[in-house]
Engineer: 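Could you have a look at this structure, given as structure tokens, before my questions?
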Amino acid sequence: MKDVATSAGVGLKTVSRVVNGEPGVTPDTERRVQAAIDALGFRRNDSARVLRKGRTASIGLVLEDLADPFYGPLSRAVEEVARAHGALLINGSSAEDPDREQELALALCARRVDGLVIIPAGDDHRYLEPEIKAGVATVFVDRPAGKIDADAVVSDSFGGARDGVAHLIAHGHRRIGFIGDRPNIHTAAERLRGYRAAMADAGIPVQDAWMSLGATDPERVRRAAAEMLSGPEPVTAFFAGNNRVTVTVVRVLSERPRPVALVGFDDFELADLLQPGVTVVAQDAAQLGRTAAQRLFQQLDGVLASPERTVLPTRLITRGSGELPPAD
């Protein structure tokens with residue numbers, strides 16, 4: 001900064017004002033300072049700035065799986081809010097591993113991020129209590145925190161699943177299979193609860209053979225679907241618990257001669273171009289990320305008094321697969 005000041009013929013305070021975008025500098029002086037900055041290749045020392053202000057102007061985002069297309073718009077929305085607040089976003093994937101989630105979250109805290117947005121893989125977040133008490137703003141998104149009181153922004157998984165299954169029932173289905181994610185995951189449990197509620201509302205007893213929760217790898221989902229489609233009374237419709245399950249079920253059904261109805265939770269690319277198009281319960285991933293990031297910066301600004309859970313609505317998009325009648 002001294003070199004820039006000497007080159008531009010101004011004081012250090014003037015250089016500081018230009019670098020930090022503060023008022024009180026004439027346009028001509030600002031141009032001279034900027035020319036000196038460009039000529040000398042000056043870069044602001046953010047480490048020194050952190051020591052002065054106590055804030056790093058950076059936040060961390062812990063995702064579950066960077067390869068899952070659901071998290072693309074969510075991550076982008078968090079980044080846009082961070083950028084609007086002059087903050088840098090650092091993200092990483094827990095790979096659905098609770099231990100890796102903890103390791104990544106604490107590594108970000110060690111690098112003194114101002115806040116964390118976390119899509120949790122685990123169900124015990126007491127490891128974050130010292131960080132939150134130390135002032136690290138924290139918001140959980142898509143799923144709530146486990147065993148601590150913290151801000152959370154989630155979709156209405158229960159209501160969305162109930163609406164999707166009720167839609168299948170309204171089109172004449174009684175034997176409806178549910179294939180979801182692992183039962184310890186909050187969203188999977190809520191969607192199963194919505195499935196059960198819709199069936200109960202219609203007075204339809206649910207058979208254990210119609211429900212399958214577990215890893216979403218294609219082989220497991222394919223086996224579950226095949227089992228439900230076999231026997232003397234196969235299911236006539238499926239409710240798929242997330243986009244990865246839905247894609248595998250679409251592949252299974254494409255190999256069968258008889259039509260089977262399908263509603264999936266989460267929209268996915270090209271769902272509208274398949275024949276028939278896939279009916280889905282859509283959640284707004286971008287709005288989830290945007291709302292979570294906005295709450296994070298409200299925490300940092302001291303606006304929020306206590307943690308809250310924000311539940312965003314879902315919407316049913318009908319495209320054809322969920323409107324097929326029972327084949328028998």
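Quantities reported herein were computed from a predicted structural model and do not represent experimental measurements.
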Engineer: Side chains of Asp151 and Leu304: closer than 4.5 Å at any heavy-atom pair?
Structural biologist: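 The answer is yes; the side chains approach within 4.5 Å.
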Engineer: Asp156 side chain to Thr314 main-chain N or O, any donor-acceptor pair under 3.5 Å?
Structural biologist: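 Absent.
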Engineer: Report yes if some heavy atom in the side chain of Val33 is under 4.5 Å from a heavy atom in the side chain of Val4; otherwise report no.
Structural biologist: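 Result yes, sub-4.5 Å side-chain heavy-atom pair found.
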Engineer: Is it the case that more than 12 heavy atoms not belonging to Arg193 sit under 6.0 Å from its CZ atom?
Structural biologist: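 Yes, the 6.0 Å shell around CZ holds more than 12 heavy atoms from other groups.
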Engineer: With rounding to the nearest 0.5 Å, note down the distance linking CG in Leu213 to CZ in Arg182.
Structural biologist: 11.0 Å
Engineer: Which heavy atom of Ser75 sits nearest to which heavy atom of Leu89, and what is that distance?
Structural biologist: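 Between these two residues, the closest heavy atoms are O-CD2, 4.0 Å.
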Engineer: Are any non-hydrogen side-chain atoms of Arg319 and Ile317 less than 4.5 angstrom apart?
Structural biologist: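 Yes, their side chains come closer than 4.5 Å.
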Engineer: Can you tell me how far the CZ atom of Arg143 sits from the OG1 atom of Thr187, to the nearest 0.5 Å?
Structural biologist: 4.5 Å
Engineer: Would the distance check show the side chain of Arg174 and the main-chain N or O of Ile169 forming a donor-acceptor pair, the cut-off being under 3.5 Å?
Structural biologist: yes
Engineer: Look up atom CG in Leu312 and atom CD in Gln283, then write down how far apart they are to the nearest 0.5 Å.
Structural biologist: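 Reported to 0.5 Å precision, the distance equals 9.0 Å.
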Engineer: Heavy atoms, side chains only, cut-off 4.5 Å: are Val154 and Thr310 in contact?
Structural biologist: no
Engineer: If two hydrophobic side chains count as joined below 4.5 Å and joins carry through other members, does Leu274 share a cluster with Val221?
Structural biologist: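 Yes, Leu274 and Val221 fall within the same hydrophobic cluster.
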Engineer: Would you say the side-chain atoms of Arg256 pair up with the backbone N or O of Val252, donor to acceptor, closer than 3.5 Å?
Structural biologist: no
Engineer: What distance separates Thr318 OG1 from His167 NE2, expressed to the nearest 0.5 Å?
Structural biologist: 6.0 Å
Engineer: Could you check whether any side-chain heavy atom of Arg244 comes within less than 4.5 Å of a side-chain heavy atom of Asp181, counting everything from C-beta outward?
Structural biologist: yes
Engineer: Shared ILVMFWY cluster between Val249 and Trp210, side chains joined below 4.5 angstrom?
Structural biologist: yes
Engineer: Under a 3.5 Å distance rule, please check whether Ser321 uses its side chain to pair with a backbone N or O of Thr279 as donor and acceptor.
Structural biologist: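 Yes, the answer is positive, given that a donor and an acceptor are paired below the 3.5 Å cut-off.
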Engineer: Please step through salt bridge (Lys or Arg N to Asp or Glu O under 4.0 Å) for the pair Lys133 and Glu129, ending with a clear verdict.
Structural biologist: CA-CA 6 Å; Lys133 288 178 181 176; Glu129 285 181 329; 5.4 Å; no
Engineer: Could you tell me the separation between the OG atom of Ser157 and the CD1 atom of Ile185, rounded to the nearest 0.5 Å?
Structural biologist: 11.0 Å
Engineer: Looking at Glu101 and Gly122, would you say the former's side chain and the latter's main chain have a donor-acceptor pair under 3.5 Å?
Structural biologist: yes
Engineer: Output yes when a side-chain donor or acceptor of Arg175 lies under 3.5 Å from a complementary backbone atom of Pro234, and no otherwise.
Structural biologist: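 Side chain of Arg175 to backbone of Pro234, a donor-acceptor pair under 3.5 Å: yes, one is there.
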Engineer: Mind listing the closest non-hydrogen atom pair of Ala57 and Asp114 along with its distance?
Structural biologist: N-OD2, 2.8 Å
Engineer: Between Asn91 and Glu79, is any pair of side-chain heavy atoms under 4.5 Å apart?
Structural biologist: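 Side-chain contact under 4.5 Å: no.
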Engineer: Would you find a donor on one side and an acceptor on the other, under 3.5 Å apart, between the side chain of Asp284 and the backbone of Ala286?
Structural biologist: yes
Engineer: Show, in sequence, the C-alpha distance, side-chain angles and deciding distance for Asp123 and Lys147, and conclude whether the salt bridge (Lys or Arg N to Asp or Glu O under 4.0 Å) test is met.
Structural biologist: CA-CA 7 Å; Asp123 56 7; Lys147 300 183 180 179; 5.7 Å; no
Engineer: Should Phe238 and Met228 count as side-chain neighbours, where that means a heavy-atom distance under 4.5 Å?
Structural biologist: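 Touching, per the 4.5 Å side-chain cut-off.
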Engineer: Measuring from Leu116:CG to Leu296:CG, what's the distance to the nearest 0.5 Å?
Structural biologist: 8.0 Å
Engineer: May I ask you to decide if Glu64's main-chain N or O and Glu96's side chain share a donor-acceptor pair within less than 3.5 Å?
Structural biologist: no
Engineer: Between Arg223 and Glu227, is the closest basic N to carboxylate O distance under 4.0 Å?
Structural biologist: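 Answer for the salt bridge query: no.
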Engineer: Without swapping roles, check the side chain of Asp68 against the backbone of Tyr71 for a donor-acceptor pair under 3.5 Å.
Structural biologist: no
Engineer: In plain terms, say whether Glu103 and Arg100 are close enough for a salt bridge, that is, a side-chain N and a carboxylate O under 4.0 Å apart.
Structural biologist: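 Salt bridge between Glu103 and Arg100, a charged N being under 4.0 Å from a carboxylate O: no.
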Engineer: Applying a strict under-4.5 Å side-chain criterion to I, L, V, M, F, W and Y, I'd like to know whether Phe158 and Val263 cluster together.
Structural biologist: no
Engineer: Establish, from distance only, whether the side-chain atoms of Gln34 and Arg31 form a donor-acceptor pair under 3.5 Å.
Structural biologist: no
Engineer: Return yes if a side-chain donor-acceptor contact under 3.5 Å exists between Ser212 and Arg220, otherwise no.
Structural biologist: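 Yes - a donor-acceptor pair under 3.5 Å links their side chains.
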Engineer: Please answer: with hydrophobic residues joined when any side-chain heavy atoms are less than 4.5 Å apart, are Leu288 and Phe140 in the same cluster?
Structural biologist: no
Engineer: Could you tell me whether Phe239 and Tyr195 have their ring centroids closer than 6.0 angstrom?
Structural biologist: no
Engineer: Any donor and acceptor pair, going by atom type alone, linking the side chain of Ser94 with main-chain N or O of Leu63 inside 3.5 Å?
Structural biologist: yes
Engineer: Run the side-chain contact (heavy atoms from CB on, under 4.5 Å) check on Val278 and Thr246 step by step: do they pass?
Structural biologist: CA-CA 9 Å; Val278 181; Thr246 304; 4.0 Å; yes
Engineer: Would Val206 and Phe178 show up in the same hydrophobic cluster when neighbours are defined by side-chain heavy atoms closer than 4.5 Å?
Structural biologist: yes
Engineer: Report yes if the side chains of Thr138 and Ile148 come closer than 4.5 Å at any heavy-atom pair, otherwise no.
Structural biologist: no
Engineer: Evaluate whether atom CD of Glu255 has more than 12 neighbouring non-hydrogen atoms of other residues, nucleotides or ligands under 6.0 angstrom away.
Structural biologist: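 Yes, enclosed.
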